[in-house]
Amino acid sequence: MRSGHDLEFVHVTKRYGDAVAVADLNHLFAGGTYVCLLGPSGCGKSSTLRMIAGHESVSEGSILLSGRDVTNLPPAQRGTAMMFQNYALFPHLNVVDNVAFSLKMKGVDAPTRRKRAGELLELVDMSAFAARLPAQLSGGQQQRVALARALITDPQVLLLDEPLSALDPFLRVRMRAELKRLQRELGISFVHVTHGQDEALALADEVVVMNRARIEQAGPAREVFNAPKTEFVARFMGGHNVLALPKGRFAIRADAVRLAATGHEAVVTGVEYQGAHVAVTARAAGDQDILALIPEATFFAEPKSPGDAVCLAWDDHLLHPLYQ
């Protein structure tokens, strides 16, 4: 759903002294979409998020929201809200007062702000916990309260700084579904920072891969995964091999590589059972390590062990050229 509240970066740069954290970003984030800023630690994604929120100043360039220059506005006047990694709930306030806090600061009367807080708690399925203190909640429950608190200001853009990192794997998957549902119901933009490729692929309408303070590639999740433009994106997204072949460097998905009677000769260096498939790593000519994801039944019909000679094969039309 497009809300019309586009977020745009125009030559945005962030410096800390001589260090460049974000370098000359130009990008349009379409309104009403779920965007994941993805990249390794230190790539600039958190600084980017904090500049959108107004918690970091912009060294150069402009940030526009719905066509309005918000570069120098304080956080409360931007039309954005931020959900912090540690949730930052007030320990002495119960759930409903935590959620209503920003409306209290704006002078909204108690009945009105508590009614609105109750609506948001219902949205995140936390109505039954309204009277509890944060210490009486699980991590997942605290996260839902933090979400409700961020949403009570009716932001055009919700900013999420690694919101799932503190949760156990089962709850993380469940909360991914909740975040996606909320974004679709509300119809606003979510900009979500993560270093988890699976999280970005599961959630994002658009994945923005950052590396060394710049945007390396941006696009729909399937496009970025299936058609990486650079060696960094191919390796960081995972599930790909980067191959040096006579006509250049190419990426190919690991599940497109198979063990065959003829093909590229290699020696198995590792075998890892992963449930639905088996990950076979083999070293080919030129000391290239190539990963093949073999369906479980196929592998165990003719299993291999480290040290075994094998032939690796793939369909050449599945090779994807890399530009860097």
Side-chain angles (χ1 to χ4, degrees), residues 29 33-46 48-49 83-87 138-140 142-144 146-147 158-184 189-212 215-242 251-257 270-281 289-296 299 318 320 322:
F29 302 87
T33 57
Y34 204 122
V35 178
C36 280
L37 297 180
L38 175 67
S41 297
C43 71
K45 59 188 186 296
S46 289
T48 299
L49 196 76
M83 181 179 155
F84 295 94
Q85 189 174 5
N86 62 0
Y87 310 146
S138 69
Q142 289 184 30
Q143 184 191 55
R144 290 169 185 267
L147 260 175
L158 179 66
L159 308 168
L160 305 107
D161 185 11
E162 303 210 26
L164 307 179
S165 60
L167 304 179
D168 65 65
F170 177 79
L171 188 55
R172 197 176 302 146
V173 171
R174 183 177 159 199
M175 286 307 301
R176 286 199 312 229
E178 283 294 302
L179 286 173
K180 191 67 176 175
R181 176 187 67 81
L182 275 171
Q183 190 270 328
R184 284 179 172 156
S189 298
F190 280 28
V191 181
H192 174 135
V193 160
T194 180
H195 59 262
Q197 299 88 334
D198 57 340
E199 196 168 295
L201 292 173
L203 283 168
D205 301 311
E206 181 183 35
V207 174
V208 178
V209 183
M210 294 189 68
N211 180 37
R212 296 182 180 179
I215 293 175
E216 189 99 356
Q217 186 172 348
R222 285 191 68 198
E223 178 185 300
V224 173
F225 182 78
N226 286 308
K229 291 182 178 178
T230 68
E231 181 172 339
F232 171 82
V233 174
R235 293 191 185 281
F236 189 79
M237 292 305 294
H240 287 81
N241 293 288
V242 174
I252 189 165
R253 285 173 51 158
D255 59 358
V257 179
V271 174
E272 187 176 85
Y273 176 67
Q274 296 182 348
H277 57 253
V278 177
V280 177
T281 306
D289 287 319
I290 299 176
L291 174 66
L293 296 180
I294 310 299
E296 180 198 30
F299 177 85
L318 297 177
H320 184 77
L322 298 172

Ignoring hydrogens, what is the shortest heavy-atom contact between [X] and [Y]? Give both atom names and the distance.
X: A254; Y: N241; result: CA-ND2, 3.7 Å
X: A221; Y: L201; result: O-CD2, 3.7 Å
X: V208; Y: A218; result: CG2-CB, 4.0 Å
X: A227; Y: Q217; result: O-NE2, 3.1 Å
X: A256; Y: L318; result: CB-CD1, 3.8 Å
X: Q197; Y: L38; result: N-CD1, 4.0 Å

If we only count heavy atoms from C-beta on, is the [X] to [Y] side-chain gap below 4.5 Å?
X: I294; Y: D255; answer: no
X: F190; Y: L158; answer: yes
X: L147; Y: L182; answer: yes
X: V233; Y: V224; answer: yes
X: F236; Y: N211; answer: no
X: R176; Y: L164; answer: yes
X: V271; Y: V278; answer: yes
X: C43; Y: R212; answer: no

| said: Taking the ring centre of each residue, are H240 and F225 less than 6.0 Å apart? | reply: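 Ring-ring flag for H240/F225: true, centres closer than 6.0 Å.
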Residue pair [X] / [Y], side-chain donor-acceptor N/O under 3.5 Å:
X: Y34; Y: E206; answer: no
X: T230; Y: E216; answer: yes
X: E162; Y: H192; answer: no

| request: Look at R235 together with E231 and state whether they make a salt bridge at an N to O cut-off of under 4.0 Å. | output: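 A salt bridge links R235 with E231.
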| Hey, is R172 close enough to D198 for a salt bridge, meaning N to O under 4.0 Å? |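 No, no charged N to carboxylate O under 4.0 Å.
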May I ask you to decide if [Y]'s main-chain N or O and [X]'s side chain share a donor-acceptor pair within less than 3.5 Å?
X: Q143; Y: M175; value: no
X: K180; Y: L203; value: yes
X: T194; Y: G196; value: yes

| message | Taking atom NE2 as the centre, does H277 end up with more than 12 heavy-atom neighbours from other residues, nucleotides or ligands that are less than 6.0 angstrom away? | response |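 Counting neighbours around NE2 of H277, more than 12 heavy atoms of other residues, nucleotides or ligands fall under 6.0 Å, so yes.
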| request: Answer yes or no: are there more than 12 heavy-atom neighbours, outside R181 itself, under 6.0 Å from its atom CZ? | output: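 Correct, the count exceeds 12.
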| Among S165, S46, C36, P163, which residue meets the side-chain contact (heavy atoms from CB on, under 4.5 Å) test with V193? |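 Considering S165, S46, C36, P163, a side-chain contact (heavy atoms from CB on, under 4.5 Å) with V193 is found only for S46.
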